[in-house]
Every structure is written in C-alpha cells, then in structure tokens.
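Report on one structure; see the data block that follows.
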Amino acid sequence: MGKDNKKDDQLEEFRTDDRGKEMTTNHGVKVSEDEFSLKAGERGPTLMEDFHFREKMTHFDHERIPERIVHARGFAAHGDFQVYESMKEYTKAGFLQDPSKKTPVFVRFSTVAGSKGSAEAVRDARGFATKFYTEEGNYDLVGNNIPVFFIQDALKFPDLVHAVKPEPHNEMPQAASAHDTFWDFIANNQESAHMVMWTMSDRAIPRSFRMMEGFGVHTFRFVNEKGEGHFVKFHWKPVLGTHSLVWDEAQKINGKDPDFHRGDLYESIEEGNYPEYELGVQIVKEGDEFNFDFDLLDPTKLWPEEDIPVKLIGKLTLNRNVDNVFAETEQAAFHPGNVVPGIDFTNDPLLQGRLFSYTDTQLIRLGGPNFHELPINRPVCPFHNNQRDGYSRMTINKGPVSYHKNSLAKNTPAPVEEEKGGYVHYQEKVDGRKVRARSDSFKDHFSQATLFWNSMSNAEKNHIKEAFSFELGKVESESVKQQVIDMYANVSLELAQDVAENIGVRIPETGGSDVTKSSPALSQENTKKKPNTRKVAVLLTEGFDGKEVNSILKDLEGKGVAPEIISDKLGKVKGADGSELKADHTYLTGESILFDAIYAVGSNNPSEKVQKDALYFIQEAFSHFKPIGATHDGEKWINEANIAGAPGVVVGKDAKEFVKDFVEAISEHRHWNRSLV
Ligand code: HDE
C-alpha cells in the first residue's frame, strides 16, 4: 500500500523513525546522560534544574488519556474501499460513483463493555467503525456487528452502559454482562428484548474480526443529485463468512490469549491475507415509509433481507497495520455525524442523540477542539474555516481575518453552493409538538426477537439457551432472574421454560408468540463456508511419516489452509525418512482453543507424555465441535479418544482423498451434529 493511497502519503509526513538517531530533549538539545539524574554530589539530592529529568518525567506522567467510555478495547487497520458500480441513482456521494476509484479507509473493531486492557473473546457486541477519507470530507460509518440496538432513545444510553459496566460497589465483573445490574436493566427496559437475543447468540462471540458482519444499525438517507431521498440501511458482509467461537472455548481463550482478535487481524494483514468485506445496502423508497409492520426509525428493528434484499455495492480491503497504536487507533475519533453530501440522517432518536455524544466525548478524551488536526483524523481534502485556537492547535492560519462575513479577505473562506459540493441538509418536513414521548409504532418489543429465534438452527437455539442459562446463572437476585424469564416468555415459551428449568426459577406456563416468520439470512448456518486462512494444529512427533505429511501439508496450504506444527519441544522434528519440520509451538504454548482444526499425525512410538498431551488436545477440540483429521499413526489417538466416525472426524483415506475431505470439514467451521463423548 502507500503508492496509491492518499491517506498513507499524508501520514508519511508525520512518521518518524528514531532508530539510529542521536538522543535529544523535546526541544532539540542533545542529551549527554540518560541514566543518572543531576545530583548535588554522587550521593546527594536531585536538582530542580535537571531539565532533562523534569521533561522526561512530566511527559511520562501525562502519557495516558481517558479511555473510551464504551468501546475502549479496540484494534484497527488501514485499507481501501472501491464501489462496484455508480450509485448515482440513489446518492451523489462522490466515493460511491466511480468503480475505478479507491477511497482510503481506517477501520476500528472493538468490544463494547470492557476496559482498554480487557480480554477480547468476551460475550459482547463488537464495534465496526469505518472512516472513509473521501475527496469531499471524512465519512464515518460507526456501526456494530449486530443490526439492532438495546434501546430506542439516546437518553437511555448512560443507563444501559452503567448497568452493563462493572458494578460500582466492587468493580466486578470486567467485560461481562453476566451480572445483576445488566439483567435488571433488561427486564425493566424491554425494548432490549431483540438485541439481547443477538448478544446471547453466537454473534456475540465471533471467531475473528475478519469473520463478522457489520451494520450501520440506524436507517440513514441517501440523497441523489435531484435531491430525492431514499431510506438506507448499511451492511458489511465478510468475504470469509460469519463464524463464531463456542462459549467454553471463548472463556478459555480469554485466559490463554486475551489478544486473540487483534492477533488474528494483525497477523492476517502481515501475512498478506487481507480481510475483505462487501458493503451492502438495503434501500426503501420514501413513499414506502409506512408499508412495514415496524417503524423504519426504530433502531431495535432490522429489515429482513428476504423482504428487502441487500445489494452489494463495493468492497473494503484492510491491507496495512498501523505503525503506532496510540497515535492512530487510540486517537482516532469516529463520529456518526461525519457525513458527506449524498448521505444524511433520519429522525431515529438513537441516531439523533449520537450526533451530540461523539464530539462531546472526543473533547474530553483528546483534550480539546483540535482533534481533527491529528494525523489519523485529518481529511485528505483541503479544509478551511474561521475556527481558531484551542489546546494544541497545529495549523498556523495566516492573515488577520477569522470571521464571516468580511470584506478584508473578500468574504472568504466562502460558503459553497449545493451544486458545487456544499452540504445541504435534506429538507424533510417536520411538524410536531414538543413532547417527551415514544411513538406507538415503537412499542412492539417482541415480534422481531421471535423472528430471530425462529430463524436459528437447532444448534444455534441451544447456544442461546445455554448463554441465557450461563448469564442468569451468575445473577444473584431471584427476582431479576424471574423477571427476565417472564419477559422472554413473550419471545419463545420453549426458550423461557428451558432456561427457567436450568436456573431453578418458576417455569412460565403461558406466553409464546404468534410470529411464525423466519429470516434464513439471520442464521450463521447459511453463511459462506471457506477453508481460507483456517489455522490447523498439526500434532507431530519424532518419527512421523515424512513423505506423506509433507505432501499433505503442501496440499492443505494449496487450499488456503494455514497449518502450524505442535510438538513436544521446539526446534526441528525428524521424520522416519530423515526429513525435518520445524515446530511452531509446544503443547505448552499451543492450545487447541487457538486453532480451527486439528491434524493428528503422531508417530510410531510416542512417549506417554506426548500421548497424554495429544489426547487432551484432540478431546478438547472435539468438544468444541472442530474438524479433526488423522492419518496412520494419528488414527490411534482418534480411536483412543473414541471419536472415530463422528461428524467432522476424517481418517484413514489415501492422502489425496484425505485432503479433500478434511478441507471440506474445515470449511464447515464446526460440526454441531456431534454428540459429545
Ligand atoms: Fe456509540 N459511542 N453510542 N454506538 N459507538 C461511542 O464515542 C453513543 C451506538 C459505536 O472505534 C463513544 O468515541 C451513544 C450504536 C462504536 O472509536 C460515545 C449511543 C452503535 C464506537 C458513544 C451509542 C454504536 C462507539 C465512546 C446511543 C452502532 C467505537 C467513545 C445513542 C450503530 C468507535 C467514542 C471507535 C463509541 C456514544 C449507541 C457504535 C460515548 C450516546 C447504536 C463502533 O460517544
């Protein structure tokens, strides 16, 4: 990247490489000593006049800035976006016109509830925030990996966040919704019913940032050259499909590798496996606004894809890691209010409140009104106005005039007419009394929660039941547990009854829903299934069948699979034919939970310790429904684990057939129709 990326060129001006340079103070004075402070005598007190000490320590004391109040734990990358065909019919947005044009982007993924240092594979929504550096200014699509939200009005956001964050009297639990205050909020704010179905589903424990969808959530508006508006919902569709972890695995990952998601993204980009997502839009004519059984302005509702198809209009590719996480990722300031001509807001009351909150939060986080001048936030197009001064102002504006209107600068900077690119807000007619109220059309909280439930496969339904049982199982208040069960009896009686049974509260007898509709697009069973970039742990022992293993590994790599070798010690592992392979991990550092699949090679005569470690590895992977392959000696372990013949366990074929079947099993991601031994 770099050559044709305007943002990268711009960032280059700010990059510095200190390696090989002389040390100076921040004011450029060469430093002669950086180990001993200036003292009155070798054993005497430190002197005030030690400007180098004072500067170094002061800077250190101020190194931290407030973390984001939500979405504190995040990781980002650069890339570009290209539209497939002109979207002229719907929007005049410049970056959506020309398929030959690449727009630089910066994307930050995040969890929502946890602090900046929290583990990444927690049960939570994920942020998916994209900054498009367009020629007409920055456009930010600040979305999540779930298409709906907990609440309908921004006024309730602080309450929601207080409820999910660690409880204030003991600051527990970290990065988890499995506690009393969260579920008390849910039961008493039932508009959250739909979103909670998503957060209790597999969507809330994604396998990778590269394998999750993104959604703009709110209904936005496209506006074309003629000034015509269309309602639009934005989607990101991962090219690798949408895949998840299982809960037991996720919890273990959080201990063994709290950086699991950032590591996966970082490595993929370093290896040239650039994550890709297609941008999709659902479009509704203005005239059809009231033709749905939900309100288009209600952010707790999605538009079923079977009713309103998602048109794929372009591709996002992430192809460069940041150089410095603080300077870029931490200082990135996203804001749903950053729009460009051709994209406008609707009256969604959640969106309206966000338009205030994001600037406000940057002011405290980034210390003043000039955060747009930070390299990561600067537009790639010119920007001029009469705003001046403030903390850490970088721009040196010339001339005496900083007001509009003026004659001394010939009334410049001058506002620009709409025809020449000036942003003009969509002239929606608004007529109403000032009220603090919710429209009746926002009051159905359960139908789409049931739609989601109806759309799930049996395995997904079981995971949702288990997630509710886990979360409510951690709640202490019997009353809160019961309230949640009674609430979910409105969504599915089966769900409420099974969870009530598990958590030992009164089982509701009545309830259920009339909604029979389902939306197959909501089930991850129907997502894309590919072997690409899937990590396979190859359990290798001294004396392996060199010829066969080398050829299988080569074929697997040819299919895009990424094998990594696990052995009892690091260094070279020798095959029976004298060939050697290098171990990437030992059983101590390479856990089954960090891999998508296992290939058990084994050897003639493994030690008891290796036997024990390998068996644990295989059994754990099996319990997480992962594909397991074995050839020759590895088959002994499969038999010992008593899993031969189970779905997704591939053994005993010739090498070519083995690779074919194993790759198919890997593409399947997980094999749910497996009973656990
Ligand atoms: Fe945010 N949100 N949010 N949010 N949000 C923030 O802004 C807020 C909402 C989302 O990677 C904050 O810079 C309010 C929905 C993402 O830097 C803050 C409401 C969606 C990110 C804020 C919402 C999001 C944020 C905290 C209710 C999905 C991380 C730090 C009206 C469409 C962006 C910051 C990044 C961050 C406010 C609801 C997505 C406090 C008031 C709905 C991805 O301004």
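We count residues from 1, following the sequence as given. In listed order, ligands and their atoms are each counted from 1.
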Is the Phe95 to Tyr133 ring centre distance short of 6.0 Å?
no
Quick one: does any side-chain atom of Asp295 pair with a main-chain N or O of Phe442 as donor and acceptor, under 3.5 Å?
no
Is there a polar contact between ligand 1 and His218, counting only N or O atoms under 3.5 Å apart?
no
In terms of relative ring orientation, are Phe128 and Phe109 parallel, tilted or perpendicular, with 30° and 60° separating the classes?
perpendicular
For atom 35 (C) of ligand 1, grab the closest protein heavy atom and report residue, atom and distance to one decimal in Å.
Arg108 NH1, 3.1 Å
Mind checking how many protein N/O/S atoms fall short of 2.8 Å from atom 1 (Fe) of ligand 1?
1
Below 4.0 Å from ligand 1: does a non-hydrogen atom of Gly216 turn up there or not?
yes
Taking ring-ring contact (aromatic ring centres under 6.0 Å, His included) as the test, write out the residues that go with His179, two or more places apart.
none
For Lys237, salt bridge (charged side-chain N to carboxylate O under 4.0 Å, His left out) partners two or more places apart
Glu213, Glu305
List every atom of ligand 1 that sits less than 4.0 Å from any heavy atom of Ala154, numbering the atoms from 1 in the order shown and giving each element.
31 (C)
Value for CZ (Phe292) from CZ (Phe231), rounded to nearest 0.5 Å, stands at 9.5 Å
Pick, from Asp348, Thr329, Ile69, Leu350, the option with the minimum heavy-atom distance to atom 40 (C) of ligand 1.
Ile69
Of the protein's non-hydrogen atoms, which lies at the shortest distance from atom 17 (O) of ligand 1, and what is that distance?
Arg68 NE, 2.7 Å
OH (Tyr426) and CD (Glu286) are apart, to the nearest 0.5 Å, by 3.0 Å
Please confirm whether the ring centroid of Tyr423 lies under 6.0 Å from the ring centroid of His425.
yes
Of Leu240, Asn145, Thr527, which meets side-chain contact (heavy atoms from CB on, under 4.5 Å) against Met211?
Leu240
If I apply the N/O under 3.5 Å rule, does Thr361 come out as touching ligand 1?
no
Give me the residue, atom name and distance of the protein heavy atom closest to atom 43 (C) of ligand 1.
Gly143 O, 3.2 Å
Does any N or O atom in Asn144 lie less than 3.5 angstrom from one in ligand 1, N or O only?
no
When you measure from atom 13 (O) of ligand 1 to every protein heavy atom, which one gives the shortest distance, and what is it?
Gln362 NE2, 2.8 Å
Ser357 backbone acceptor or donor facing Thr361 side chain under 3.5 Å
no
May I ask you to list the atoms of ligand 1 that are less than 4.0 angstrom from any heavy atom of Val217?
28 (C), 32 (C)
side-chain hydrogen bond (donor to acceptor under 3.5 Å, both in side chains) contacts in which one or both residues fall within residues 104-114, not counting sequence neighbours:
His71-Ser110
